[in-house]
Amino acid sequence: MKRKSTFLIMALVGMFAFSTPAEAQWGSLLNKARKAAGIKTKQEKAVDAEKHRQDSIQEAIRSITPTIPQPAKSGAPIAIKWLNTQIGTWDPVNLEITFNKTYDEGELAGQKVSYKLDPSTGVWTSKKGTNVGQMSNDGTIVSQNLGTIQFDPEKCTITVDGAVVGKTNLKNAYMFDTQIGGFEGHVSPLLVAYTFYGVLISKNMIAEWKDAKLKAEQAARERAERAAKERASRPQSSSNSSSSSNSSREVKLYRGGSQFGELRANGDVYIGGSCKGELRSNGDIYVGGSCKGEIRSNGAIYKGGSQIGEVRSNGDIYERGSKIGEVRSNGAIYRNGSQIGEARNMGDPKKAAVIYFFGFF
């Protein structure tokens, strides 16, 4: 009986497949018959294929741990970049880093410098046969330039000489919150830590970046102090018309359909009924009474003296070079293609981005 029903359904599909525009009223019957027979359109198949691809990617990402990489069954070499320049590749099958730099002399002269990993010991060996470092699952990394450093497998931070100087994730390496490079595919954060802090970075570079960070923080503090003096010198207006105007410009902040806060006309940011900070007219971002960052006129978002993101003129939001969301003209907030909230009456997408995306509040 089941085979007979299937045959009848297939017959209906075949019959309606050759219908003319005048027989469009049969379209719904055709769709029902097609779905009952389990037949999908090209568009539905494409959607399913893309979902399967995305699910596979996410599953692969979830399987990555901050430990010594093991040989992959397959996979193309992954580019390694310093800032925006490719400097080499990582072979996940042969567990080998190959740099663009070549050997200058000896029997390997002209050949690219490469380091191969022993997955059982974490020892790295150059093409010359020399030991070029080691990494352990507890996070200990023996480096060429920095000596023994510590990678925290839980926080993914890098400690050198007792001080945290950077961090890594499944792709990128950071020094004092500034991205210095990364892999173009997802890998173990321990591998990222070894590649950049175990091979590429020197103590002089850390000192230079630290000095730049301290100078940027000092400059931010000075700007905040100047802004505070300017505000203190301005006359205050307490007219009813001004209060009414301020009230009309208040921005209601929604997430998941429920209001969780508001951005008041004077720049105060309220979350859960409490004032958490202030977005000042000069672009400074205050949290708990201290200047933690700034919004620059070109849309760049800074935190602790380092750029962490960008809000473009069309509302697109970028974090460390990758688009993560958008603020639409109607105030709708989107992350990775899905709406996560709404900033009602929002006139400046940069302020909305700071509240929803960059972890200030």
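- In this structure, N345 and E250 have side chains that are not in contact, with every pair of non-hydrogen atoms separated by 4.5 Å or more.
- Under the 4.5 Å side-chain contact rule for hydrophobic residues, Y174 and F183 do not share a cluster.
- Checked against ring-ring contact (aromatic ring centres under 6.0 Å, His included), Y318 has no partners two or more places apart in sequence or in another chain.
- Side chains of S136 and T140: a donor-acceptor N/O pair is absent below 3.5 angstrom, by distance only.
- With sequence neighbours excluded, the residues satisfying side chain to side chain donor-acceptor pair (under 3.5 Å) with K323 are D316.
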After noting the C-alpha distance and the side-chain angles of Y115 and F99, does the key distance pass the ring pair (Phe, Tyr, Trp, His ring centres under 6.0 Å) rule?
-> CA-CA 9 Å; Y115 296 168; F99 295 100; 5.4 Å; yes
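- By the 4.5 Å heavy-atom criterion applied to side chains, T89 and I97 are not counted as neighbours.
- Residues F358 and M346 are members of one and the same hydrophobic cluster, defined by side-chain heavy-atom contacts under 4.5 angstrom among Ile, Leu, Val, Met, Phe, Trp and Tyr.
- Legend: residues meeting salt bridge (Lys or Arg N to Asp or Glu O under 4.0 Å) with R328, ordered by chain and number and at least two apart, are E326.
- Between the side chains of D118 and S120, at least one donor N or O sits under 3.5 Å from an acceptor N or O.
- Residues meeting the salt bridge (Lys or Arg N to Asp or Glu O under 4.0 Å) test with K203, sequence neighbours left out: D161.
- Remark: D104 engages no residue in a side chain to side chain donor-acceptor pair (under 3.5 Å) (not counting sequence neighbours).
- Annotation: ring pair (Phe, Tyr, Trp, His ring centres under 6.0 Å) contacts involving residues 256-305, sequence neighbours excluded, comprise F260-Y356.
- F151 is connected to F176 through a chain of hydrophobic side-chain contacts under 4.5 Å among Ile, Leu, Val, Met, Phe, Trp and Tyr, so both are in one cluster.
- You'll find the side chain of I301 reaches within 4.5 Å of the side chain of I295, heavy atoms only.
- In this structure, the side chains of L146 and I206 come closer than 4.5 Å at one or more pairs of heavy atoms.
- A side-chain donor-acceptor contact under 3.5 Å links S188 to the backbone of T67.
- You'll find the side chain of I78 reaches within 4.5 Å of the side chain of V187, heavy atoms only.
- Using a 30° and 60° split on the angle between ring planes, W124 and Y194 fall in the parallel class, below 30°.
- With contacts defined as side-chain heavy-atom distances shorter than 4.5 Å, the pair V199/S143 does not qualify.
- In plain terms, the two heavy atoms of G139 and L190 that are nearest each other are CA-CD1, 4.5 Å.
- Between the side chains of T98 and S114, no donor-acceptor pair of N or O atoms lies under 3.5 Å.
- In plain terms, the two heavy atoms of I68 and G122 that are nearest each other are CD1-CA, 3.8 Å.
- Residues W82 and I158 fall within the same hydrophobic cluster, defined by Ile, Leu, Val, Met, Phe, Trp and Tyr side chains chained together at heavy-atom separations under 4.5 Å.
- The side-chain heavy atoms of L95 and P71, taken from C-beta on, include a pair separated by under 4.5 Å.
- Taking the side chain as every heavy atom from C-beta outward, V192 and N172 never approach each other to under 4.5 Å.
- Atom CG of N330 has more than 12 neighbouring heavy atoms from other residues, nucleotides or ligands inside a 6.0 Å radius.
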R221 vs E225, salt bridge (Lys or Arg N to Asp or Glu O under 4.0 Å): CA-CA, chis, key distance, verdict = CA-CA 6 Å; R221 285 193 293 270; E225 291 171 0; over 6 Å; no
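- The pair E262-R264 counts as a salt bridge, with a side-chain nitrogen and a carboxylate oxygen less than 4.0 angstrom apart.
- A cation-pi arrangement is present between K303 and F360 under the rule of less than 6.0 angstrom and at most 45 degrees off the ring axis.
- The hydrophobic clustering, which links ILVMFWY residues whose side-chain heavy atoms are closer than 4.5 Å, places I324 and V354 together.
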